[in-house]
Amino acid sequence: MKIYTLGTSHGATEHERSCSVNLLEVGGAYYLFDCGGDAESKIKNLGIEPNSVRAIFISHMHADHAASLPGMAKRYALHYNKTEAHADVFLPEPEAIPTLMSWLEAMHFEKGHSRFEFFELKPVSPGVVYEDENVRVSAIPTRHMQGGKFPSYAYTVEGEGKLFLYTGDLAPDFSDYPSVVYEKDFDAILSELVHFDVEKNLPDIKRSRTKKLIFTHLGPRKIPLIEAAKGEFPYPVYIANDGDSFDI
Ligand SMILES: [Zn+2]
């Protein structure tokens, strides 16, 4: 299992950092966690065909996590796709499904014309949301969106005997950091940094049962704080850049 952090910025694009795009490789297959800053070109630049991504999991419906879905959809269209490709695309808010379909239709992704049906939009609910021969992906509710007024999710991935967590964005006080990290042994956690307060949250987070913690969703002001605190974590801590990859 390997995670490519292709977009590591916080809510806005920074120099050489675009918004959230995380590509997970398991058993030679690819799964995308959030689709913020131009996922299509980021994946293509790795030498990977974007339409080989089997499933896309959106943590919450903010633009920095979901805005490049139409670009990914284009890659499944018939004129770009010489072989049959299919993606399950999981959206936390069911209301977003007809809205995104309308946007795709506005760009002439009509059924039968561009294989629109192979970009299959599905709602997320807590628990196991996706399973194939490589992975089992489960959604854990978080409270990022106005204290839970709108749904948001962290995702765990089991595969190849490994366990991985992607937190998505969390509540402003980090109180919804998934408690499963204190119950199971993780091989890696990919955590957002924007809402992590080094002073307040580190005592809890350092109890996470993981072999490594990778911070993404970075604001420039937080990076030196994490660099200074790295030694206080009982496991290796990494600050992800766009284009980095980490073995899990
Ligand atoms: Zn957000």
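We count ligands from 1, going down the list as the structure has it; atoms in each ligand are counted the same way.
Side-chain contact check for D132 and Y31: at least one donor-acceptor pair (N or O, by modelled atom type) lies under 3.5 Å. H65 and D169 form a side-chain donor-acceptor contact under 3.5 Å, judged by distance and modelled atom types alone. Under 3.5 Å, the side chains of D34 and Y166 contain a donor-acceptor pair of N or O atoms.
Atom-to-atom distance recorded for R209:CZ and Y235:OH is 12.5 Å, nearest 0.5 angstrom.
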Extract all donor-acceptor atom pairs below 3.5 Å that involve side chains of residues 19-26 and protein atoms in other chains or at least two apart in sequence.
| residue | atom | partner | partner atom | Å |
| --- | --- | --- | --- | --- |
| S20 | OG | H217 | ND1 | 3.4 |
| N22 | ND2 | F33 | O | 3.3 |
| E25 | OE1 | Y4 | OH | 3.1 |

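Looking at E49 and K44, a side-chain N of the basic residue comes within less than 4.0 Å of a carboxylate O on the acidic one, giving a salt bridge.
Below the 2.8 Å limit, the Zn ion (ligand 1) has as protein N, O or S neighbours H60 NE2, H62 ND1, H144 NE2.
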